[in-house]
Every structure is written in structure tokens, then in C-alpha cells.
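See below for the structure under consideration.
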Amino acid sequence: MQHLFDFADALGLRVEYANLRDNNGEYRDDLKRIRLREGMSERLTRWTLAHELGHAVFGDVPAMHGPMKARQERRADEWAALRLISIDRYREVELLREGHVPSMAHDLGVIDVGVLAFQRVLERELARAAA
């Protein structure tokens with residue numbers, strides 16, 4: 001988790017905990033700030049911070065248009081997944097848990113969305129390699 005805080009610091013971002021009602025986290029480019037909902041589990045906090053860092057890396061400004069918002073969320077999820085999950089550990093856990101996503105997520109220290117995002121990236125890379 002410390003490497004995520006260090007990355008935020010390197011980007012010049014302030015990370016705060018707040019009483020967020022509707023989100024686990026939020027990134028504000030104009031304020032150079034990430035806010036995380038107080039009281040989350042360590043695994044959810046880790047995932048949320050990585051996801052919000054993804055938004056920061058891409059300089060995302062909250063989109064009002066549904067498809068653009070969905071694209072930003074997918075991109076931040078995939079960025080986070082690639083920072084939190086190594087391919088070797090993924091292979092090990094996938095075999096051990098026989099592809100059961102919730103169990104894999106627990107073992108990988110992410111949430112289910114993280115495993116699914118990692119799988120999307122793998123599928124795209126396999127399709128590119130096959131083409």
C-alpha cells in the first residue's frame with residue numbers, strides 16, 4: 001500500500017480520508033486530491049486508491065456523458081489492476097482457485113472488479129498476439 005501513497009506523492013497529489021456517501025473514492029484534478037471513504041477494508045482501500053491514481057494518471061475530469069464515464073472507469077480499473085496484480089501471481093491463484101473470481105480477488109488483495117479488469121487486459125493482449 002505504501003507504494004501507492006508514494007506514487008500519489010510523486011504526482012503531487014494529496015490523499016485524504018473523508019465521509020463520502022456515494023463513492024468509495026474520488027479524484028479531483030483541479031485540486032490535485034484523492035479522497036477515500038473512511039472505514040473501508042484494507043483490500044477495498046488499496047483498490048480504490050489505485051483506481052483513483054489511474055484517474056490521476058490520465059487526468060480524468062468527471063464525464064457527464066455515460067459512455068465516456070464508463071470508458072474512464074474501465075481505464076482506471078485496468079490501470080489499477082496492472083499495478084496491483086502480477087501475471088505470475090495471477091496464474092498461481094487462477095489455478096489454485098480454479099478461476100473463481102471472488103476467491104482469486106481475496107488472494108490477490110483486490111476486489112472482484114480488479115480480477116475482471118485484469119482478465120480484460122489479458123484477453124485483449126492474447127487477441128493481439130493471435131492476430
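Residue pairs meeting the salt bridge (Lys or Arg N to Asp or Glu O under 4.0 Å) criterion with at least one partner in residues 64-76, sequence neighbours excluded, are D60-R75. For the side chain to side chain donor-acceptor pair (under 3.5 Å) condition, the pairs that include at least one residue of residues 36-49, sequence neighbours left out, are N24-R37. Annotation: ring pair (Phe, Tyr, Trp, His ring centres under 6.0 Å) contacts involving residues 88-121, sequence neighbours excluded, comprise Y90-F118.
Inter-residue side-chain proximity for E78 and R124 is flagged as met; some heavy-atom pair is nearer than 4.5 Å. Side chains of V61 and D30 form no contact here, defined as non-hydrogen atoms less than 4.5 Å apart. Contact of the H51 side chain with the D77 side chain is registered, since non-hydrogen atoms from C-beta on lie closer than 4.5 Å. No side-chain heavy atom of M104 sits under 4.5 Å from any side-chain heavy atom of V110. A 4.5 Å side-chain heavy-atom check between D107 and R97 finds at least one atom pair inside the cut-off. Side-chain contact between L82 and V121: present, with at least one pair of heavy atoms (C-beta onward) separated by less than 4.5 Å. Within the 4.5 Å cutoff, the side chain of H55 has heavy atoms near those of the Q72 side chain.
Using a 4.0 Å cut-off between charged nitrogen and carboxylate oxygen, R91 and E94 do not count as a salt-bridge pair.
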Problem set entry | Residue pair R89, L84: steps toward the side chain to side chain contact (heavy atoms under 4.5 Å, CB included) verdict | CA-CA 10 Å; R89 182 74 176 129; L84 297 177; over 6 Å; no
Problem set entry | Worked check of side chain to side chain contact (heavy atoms under 4.5 Å, CB included) between K32 and R14 | CA-CA 6 Å; K32 296 294 181 203; R14 189 174 70 248; over 6 Å; no
Exercise. Step by step, would you call L20 with L36 a side chain to side chain contact (heavy atoms under 4.5 Å, CB included)?
Worked result: CA-CA 7 Å; L20 301 177; L36 302 172; 5.9 Å; no
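Minimum heavy-atom separation, V15 to A8: CG2-CB, 3.8 Å. The two residues D112 and P102 have their closest heavy-atom pair at OD1-CA, 3.4 Å. Taking all atoms of both residues into account, the shortest heavy-atom contact from G114 to I85 is O-CD1, 3.8 Å.
No side-chain donor-acceptor contact under 3.5 Å links E26 to the backbone of R35.
To the nearest 0.5 Å, the span separating CG on N23 from CD on E52 amounts to 8.0 Å. Note that the OH atom of Y27 and the CG atom of L53 stand 9.5 Å from one another [nearest 0.5 Å]. To the nearest 0.5 Å, atom CG of residue L126 and atom CD of residue Q119 are 11.5 Å apart.
Both L122 and L116 sit in one connected hydrophobic cluster of ILVMFWY residues. Membership requires side-chain heavy atoms under 4.5 Å apart, directly or through other members. One hydrophobic cluster, built from ILVMFWY side chains closer than 4.5 Å, cannot hold both L31 and L13; they sit in different ones.
Here F7 and W79 bring their ring centres to under 6.0 angstrom of each other.
More than 12 heavy-atom neighbours from other residues, nucleotides or ligands sit within 6.0 angstrom of CE on M1.
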